[in-house]
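Both backbone and side-chain heavy atoms feed into the values below; hydrogens, waters and symmetry mates do not.
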Amino acid sequence: MLNSKVLFQGSILLLIFLINSVNGFSQMMLEKKIQIQRDDELNLRQMLDTLSAQNAFYFSYESTLLELDKTLDTERFSGTIGDFLLKELGSEYEYKELPGYIIIRYAPEKLDLDADMDTRFKTITVKGYIKNVRTNEVVSQASIYDKNSLASTLTDDKGYFKLKYKKLDSSIWLKLSKENYRDTTFLLLPTVDIVVEKENRRFRYLPEDSTTRALEDSFLGRAFIGFRQRLQGINVGNFFAESPFQMSLIPGLSSKGMFSSQTISKFSLNLIGGYTAGIEGMELAGIFNINKRDVKSVQAAGIFNLVGGGSKGVQVGGIYNSVYRNIDGLQVGGIYNHVRENAEGLQIGGIVNQVNNDADVQIAGIVNHAKNSNHFQLAGITNHATKSAGFQLAGISNIVGDSVNHQVSAIVNRAKKVKGFQLSLINIAEENDNPLGLLNFIKNGEKNLGLSFDESGFTHFAFRSGGRKMYGILGVAYNLRDVDTPIGIEAGFGIHLIPDSKFSLDTEFLSLSASDFQEISNHLQSFRLFPGYQFGNHFRIFAGPSLNFAFLDPGQEDFTNGWNILDKTTSTRIYRSYGGITGGIQVIF
């Protein structure tokens, strides 16, 4: 066993350094020379954007901790970028550099380590206290982790910690992190003759992402993510480790311990559920997967997947999938899928699909919703697009806030501008040339009530409604002659062949059914051609030929009248085709 005091006196080196100092990149941008000369007022936000654009890197910071609209105190400056930041922001901020980024972090305090280290069998135990350098007071809820093994823990209320892991041949890089404290790293040398080698484990820095906090504050996040893992994420921040494999029983109880929420793995197996930083391969769970950042390739869970970043590949949830960024690929949820940004690919939900922005293809048992449906929506009940949609097909209704290409439903379609057609019982739009419905309420179209008479003695009272090219017909008819079924209901659609303001030419396809609701049922199918002439803005007269097909019950020979073309009688039905003429007047409104 190594005595801690002797070991620390003889072989423990205290190193406070920037994360990427090992590969020689550190401070390259912070030490770059700049010159500032300005005559007009410039705020901090503008200066950071200018430095970023001119030097091909990004500043990463939490905007609420910087006075970005504050006017710069410095009018002329010559020195390094690091000196400029120190001059404008002060020593209470920590400045780190990673490839492509300069990180500005509010860290007015510093951490110190007072610890013992024992080696027994093949296990190393490090235990001790974390203190505030300035006040010498203990620091609770600080994160301690070894950068090689990713073993991690938190200090208790008295600042005490105990960290155990298997003995390694390499040195121990023990890192301390705490919100509002500067990150501190200690190099512990277990033996006197150890050679420090560059660590093989890869670490990443990912810029601040507000969706992580939103994920942890969600109902499922509060239910399954523990307080200690939340603190780990706050302390360690946006630094993540890569690992080929991790396995969890529940969040926090995993092969990576509490550090699983800061680990990006190639393969993740969660027996009940797990909370990881991200997946770049495959993740499987008996009940749930929760990921702080992106998931790529394949993810499947028995009940739900909750992803704070984006999902690319295949995502399958037995009940529920929730993605805070984009999906690209296939998403399947037994009940509900929710994507808070864009969905590229195919989304299948047993009941509901919801995409807050753009969606490519959605298929749902009941409801699809998106801001913009780029291609296709199929729903058992209703489709809804807040702004625009491509093709919508629904069992009951389709609703679009602005423009749509095509809509097909059983009951109602609604949109502002229809580029193609609407097919439904009721169609509603501001602009639509081609509605295919019995009732069409089109703002730039035409509606009229018509009274007409035909060769068989029927008086027709019909409501016509539609767009500039197509319209629907719904009405009633009464036969003035003595027949068994004098009252009929008619429905159909028409086409404006010549939609002129004075002279017009329409063609109509109409179906009429007349029944006594007991024994007799007669049906007529008619094709009509109507030339018309409009008087003023509200009246039109019309008259034209018709071709009719009758399907009559036995004994109903007198139901129709006209110029017979074909007449055939069987024991069960009378089949007749005949010509006729219809004319009348329409009131336009």
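Nearest heavy atoms, A379 versus N368: CB-ND2, 3.6 Å. L474 and A491 make their closest contact through CD1-CB, 4.2 Å (heavy atoms, listed as atom of the first residue, atom of the second, distance). Listed here is the closest heavy atom pair of Y578 and G562: CD1-CA, 4.2 Å. For S456 against F559, the heavy-atom pair with the smallest separation is CB-O, 4.3 Å. Residues N413 and N398 come closest through the heavy atom pair OD1-ND2, 3.0 Å. Among all heavy-atom pairs drawn from N440 and N427, the shortest one is OD1-ND2, 2.8 Å.
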**Message:** Checking R45 against D69 for the salt bridge (charged side-chain N to carboxylate O under 4.0 Å, His left out) test, could you report, in this order, the C-alpha distance in whole Å, the side-chain angles of both residues, the deciding distance, and whether it holds?
**Reply:** CA-CA 6 Å; R45 186 196 307 272; D69 296 326; 3.5 Å; yes
**Criterion side-chain contact (heavy atoms from CB on, under 4.5 Å) on L524 and F458, from CA distance to verdict** = CA-CA 12 Å; L524 296 178; F458 276 103; 4.3 Å; yes
**Request:** Decide salt bridge (charged side-chain N to carboxylate O under 4.0 Å, His left out) for D217 and R230; before the verdict, give the C-alpha distance in whole Å, the side-chain angles of both, and the deciding distance to 0.1 Å.
**Result:** CA-CA 10 Å; D217 290 341; R230 291 168 182 262; 3.6 Å; yes
**Request:** Apply the test side-chain contact (heavy atoms from CB on, under 4.5 Å) to residues D567 and T569: give CA-CA distance (whole Å), side-chain angles for both, the deciding distance (0.1 Å), then the verdict.
**Result:** CA-CA 7 Å; D567 201 331; T569 302; 4.1 Å; yes
**Asked** Does the salt bridge (charged side-chain N to carboxylate O under 4.0 Å, His left out) test come out yes or no for K416 and D402, once each step is laid out?
**Response** CA-CA 5 Å; K416 283 187 177 180; D402 194 358; 5.6 Å; no
**Message:** Quick one, V408 with Q392, criterion side-chain contact (heavy atoms from CB on, under 4.5 Å). Give me CA distance, side-chain angles, the key distance, then yes/no.
**Reply:** CA-CA 6 Å; V408 178; Q392 292 182 313; over 6 Å; no
**Message:** The test is side-chain contact (heavy atoms from CB on, under 4.5 Å); show your working for N291 and L306 and say whether it passes.
**Reply:** CA-CA 6 Å; N291 307 95; L306 186 61; over 6 Å; no
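Annotation: side chain of L436 is not in contact with side chain of Q422 (no heavy-atom distance under 4.5 Å). The shortest side-chain heavy-atom distance between Q534 and I588 falls under the 4.5 Å cut-off. For the pair E341 and Y324, the minimum side-chain heavy-atom distance is 4.5 Å or more. Between S254 and L249 there is no side-chain heavy-atom pair separated by less than 4.5 Å. Side chains of L497 and L529 form a contact here, defined as non-hydrogen atoms less than 4.5 Å apart. A heavy-atom distance below 4.5 Å is found between the side chains of I565 and S577. Counting heavy atoms from C-beta outward, F463 and L449 have side chains that approach closer than 4.5 Å. Side-chain contact between I442 and P435 is present, with at least one heavy-atom pair separated by less than 4.5 Å.
Side-chain atoms of S424 and S409 form a donor-acceptor pair, as typed in the model, at a separation below 3.5 Å. A side-chain N or O of K292 and one of Q262 form a donor-acceptor pair less than 3.5 Å apart.
Partner of E446 under the salt bridge (charged side-chain N to carboxylate O under 4.0 Å, His left out) criterion, out of R464, R540, R468: R540 alone. A side chain to side chain donor-acceptor pair (under 3.5 Å) with T485 holds for exactly one of N479, N522, D516; it is N522. Each of E283, Q299, Q347 was evaluated against Q315; a single residue qualifies, Q299, per the side chain to side chain donor-acceptor pair (under 3.5 Å) test. For the side chain to side chain contact (heavy atoms under 4.5 Å, CB included) test with I279, the passing option among S311, S297, S265 is S265; the others fail. Here the rule is side chain to side chain contact (heavy atoms under 4.5 Å, CB included) with Q362, and of N374, V355, N337 only V355 fits it.
For an aromatic pair to be called close, the ring centres must be under 6.0 Å apart, and F509 with F493 satisfies this. In this structure, Y471 has its ring center under 6.0 Å from that of H496. Taking the six-membered ring where the residue is Trp, the centroids of F219 and F224 are separated by 6.0 Å or more. A ring-centre distance under 6.0 Å is not found for F551 and H523.
Interatomic distance, OG1 of T211 versus CZ of R325, reported as 4.5 Å (0.5 Å rounding). Atom OG of S260 and atom CG of N270 lie 8.5 Å apart (nearest 0.5 Å). For the atom pair N561 CG and D454 CG, the distance stands at 9.5 Å (nearest 0.5 Å). The distance from the CD1 atom of I335 to the CG atom of N321 is 11.5 Å, given to the nearest 0.5 Å. Taken from CD1 in I351 to CD1 in I381, the straight-line distance is 11.0 Å, to the nearest 0.5 Å. Taking CG from N305 and OG from S322, the interatomic distance works out to 9.5 Å, rounded to the nearest 0.5 Å.
No more than 12 heavy-atom neighbours from other residues, nucleotides or ligands sit within 6.0 angstrom of NZ on K568. With a 6.0 Å radius and a threshold of 12 heavy atoms from other residues, nucleotides or ligands, F441 has its CZ atom above the threshold. Other residues, nucleotides and ligands contribute over 12 non-hydrogen atoms within 6.0 Å of the NZ atom of K447. Within a 6.0 Å radius of OH in Y533, other residues, nucleotides and ligands contribute more than 12 heavy atoms. No more than 12 heavy-atom neighbours from other residues, nucleotides or ligands sit within 6.0 angstrom of CZ on R213.
Of the possible donor and acceptor atoms, one in the side chain of R481 sits under 3.5 Å from a partner among the backbone N and O of D558. In terms of modelled atom types and a separation under 3.5 Å, the side chain of D294 and the main chain of G310 share a donor-acceptor contact. Between the side chain of Q377 and the main chain of I363, no donor-acceptor pair closer than 3.5 Å is present. The closest donor-acceptor contact from the side chain of S397 to the backbone of V412 lies at 3.5 Å or more, if one exists at all.
Using cut-offs of 30° and 60° on the angle between ring planes, the pair F530 and F542 is tilted. Ring geometry for F391 against F376 counts as tilted: the plane angle lies between 30° and 60°, on a 0 to 90° scale.
Under a 4.0 Å N-O distance rule, the pair R573/D553 qualifies as a salt bridge.
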